[in-house]
Amino acid sequence: MGFYGDRIVPRIIDLACGLKGNDPHRVRACADLHGRVVEIGFGSGLNVPFYPAAVDGISAVEPADLGWRLARERLASATVPVERAGLDGQTLPFAADSFDCALSTWTMCTIPDVAAALAELRRVLVPGGTLHFVEHGLAPDASVRTWQNRLNPIQKVVAGGCHLNRDIRAIVEDAGFRIRDLDVFYAEDIPRPMGALSLGVAVTP
């Protein structure tokens, strides 16, 4: 990824995704996690304080070594076991039917082949397993979508490949998940092109 991708982008993501205004969304995304959980895009461990007691353990998938180092203090206070168990969400090193739940927060925007990553999550989840997510993506309003499309080339360069205009619902459903719950809304205090959120739970067949 080079110096910028390796040394700068993880810090930008830690700051931007670590805004306190995101905490309520993390609480909602993590609320019903249970059993064995795989988390893609673990980053700097911003979800660690929100794992519920029903979680037996987290297998964290994170490519950035700096992100993992930034997570040290959060990991030290974790109330459930967390292990770094993979580097690439597009190729998960787990057997089929290994997990009860999957977690993705502000991750689907950046994975180069997000369809491959979601196919992998389907493979490693048990039948009836759940994908819990909060993601920014394509806005519900045409005027905001216009700005997302204009800003997207800049966003991808500045934020390490992050897309503003991915259709989260379509991505999840095209991967074969069934949407059980979905809330689409704008985050407060964030410009709408960056703050159109999709928060929900999807189920494997």
Side-chain angles (χ1 to χ4, degrees), residues 1-30 38-51 58-78 82 84-91 102-114 116-118 132-139 144-168 171 184-199:
M1 292 178 64
F3 178 83
Y4 183 77
D6 291 339
R7 300 289 183 177
I8 305 300
V9 170
R11 296 185 187 278
I12 293 174
I13 294 172
D14 181 56
L15 290 172
C17 292
L19 296 172
K20 288 299 181 184
N22 291 329
D23 287 357
H25 312 317
R26 294 184 187 279
V27 170
R28 291 177 61 193
C30 294
V38 55
E39 179 175 352
I40 60 170
F42 179 81
S44 56
L46 292 166
N47 291 322
V48 169
F50 307 109
Y51 299 144
I58 302 284
S59 292
V61 178
E62 173 53 48
D65 291 336
L66 178 56
W68 192 252
R69 291 197 296 272
L70 291 171
R72 282 176 181 167
E73 288 188 15
R74 298 181 184 103
L75 288 168
S77 62
V82 180
R84 189 181 185 186
L87 300 177
D88 185 357
Q90 300 162 141
T91 309
L103 176 63
S104 174
T105 59
W106 290 279
T107 299
M108 295 182 199
C109 58
T110 303
I111 298 174
D113 190 344
V114 68
L118 289 176
H132 304 246
F133 60 91
V134 56
E135 304 285 349
H136 76 85
L138 195 66
V144 180
R145 293 197 294 269
T146 297
W147 277 104
Q148 288 180 319
N149 292 332
R150 288 173 179 167
L151 294 171
N152 199 56
I154 300 170
Q155 176 78 2
K156 288 194 292 183
V157 172
V158 172
C162 173
H163 295 69
L164 293 173
N165 56 0
R166 284 184 171 172
D167 186 337
I168 300 303
I171 287 169
V184 179
F185 59 98
Y186 293 107
E188 296 181 4
D189 302 324
I190 298 176
R192 286 193 164 192
M194 294 80 174
L197 301 186
S198 295
L199 192 158

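These numbers come from the heavy atoms of this one structure, side chains and all, not from hydrogens, waters or symmetry mates.
With sequence neighbours excluded, no residue satisfies ring pair (Phe, Tyr, Trp, His ring centres under 6.0 Å) with Trp147. When the side chain to side chain donor-acceptor pair (under 3.5 Å) test is applied to Arg145, no partner is found at least two apart in sequence or on another chain.
Of the residues Thr107, Val157, Thr110, the one that meets the side-chain contact (heavy atoms from CB on, under 4.5 Å) test with Cys162 is Thr110.
By the 4.5 Å heavy-atom criterion applied to side chains, Met194 and Leu151 are counted as neighbours. Counting heavy atoms from C-beta on, the side chains of Arg28 and Val134 never come closer than 4.5 Å. In this structure, Phe42 and Leu75 have side chains that are in contact, with non-hydrogen atoms separated by less than 4.5 Å. Between Trp106 and Leu197, some side-chain heavy-atom pair lies under the 4.5 Å cut-off. When side chains are defined from C-beta on, Leu103 counts as touching Asn47, because their heavy atoms get closer than 4.5 Å. Counting heavy atoms from C-beta outward, Leu118 and Met108 have side chains that approach closer than 4.5 Å. Contact check for His163 versus Gln155: no side-chain heavy atoms found under the 4.5 Å cut-off.
Smallest separation of non-hydrogen atoms from Glu62 and Gly41: OE1-C, 3.7 Å. In this structure, Val61 and Gly89 approach most closely via the heavy-atom pair CG1-N, 3.7 Å. Of all non-hydrogen atoms in Ala139 and Val144, the two that sit nearest each other are CB-CG1, 3.4 Å. The minimum heavy-atom distance linking Cys30 with Phe50 is given by the pair CB-O, 3.4 Å. Nearest heavy atoms, Asp113 versus Gln90: N-OE1, 2.6 Å. The shortest non-hydrogen separation linking Pro193 to Gln148 is O-NE2, 3.0 Å.
Counting only distance, with no hydrogens or angles, the side chain of Asn152 and the backbone of Leu164 share a donor-acceptor pair below 3.5 Å. Checking side-chain atoms of Glu135 against main-chain N and O of Ile168 turns up no donor-acceptor pair under 3.5 Å.
Here the straight-line distance linking atom CG of Leu138 with atom OG of Ser198 works out to 8.5 Å at 0.5 Å rounding. The NE2 atom of His25 sits 7.5 Å away from atom CD of Glu188, with the distance rounded to the nearest 0.5 Å.
Heavy-atom neighbours of Arg72 CZ from other residues, nucleotides or ligands within 6.0 Å: at or below the threshold of 12.
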query: How far apart are the C-alpha atoms of Glu39 and Val48, what are their side-chain angles, what is the distance that settles it, and do they pass the side chain to side chain contact (heavy atoms under 4.5 Å, CB included) test?
result: CA-CA 11 Å; Glu39 179 175 352; Val48 169; over 6 Å; no
Name the atoms and distances for all side-chain donor-acceptor pairs under 3.5 Å in residues 8-24, with sequence neighbours left out.
residue	atom	partner	partner atom	Å
Asp14	OD1	Ser44	OG	2.5
Asn22	ND2	Ala16	O	3.4
Asn22	ND2	Cys17	O	3.1

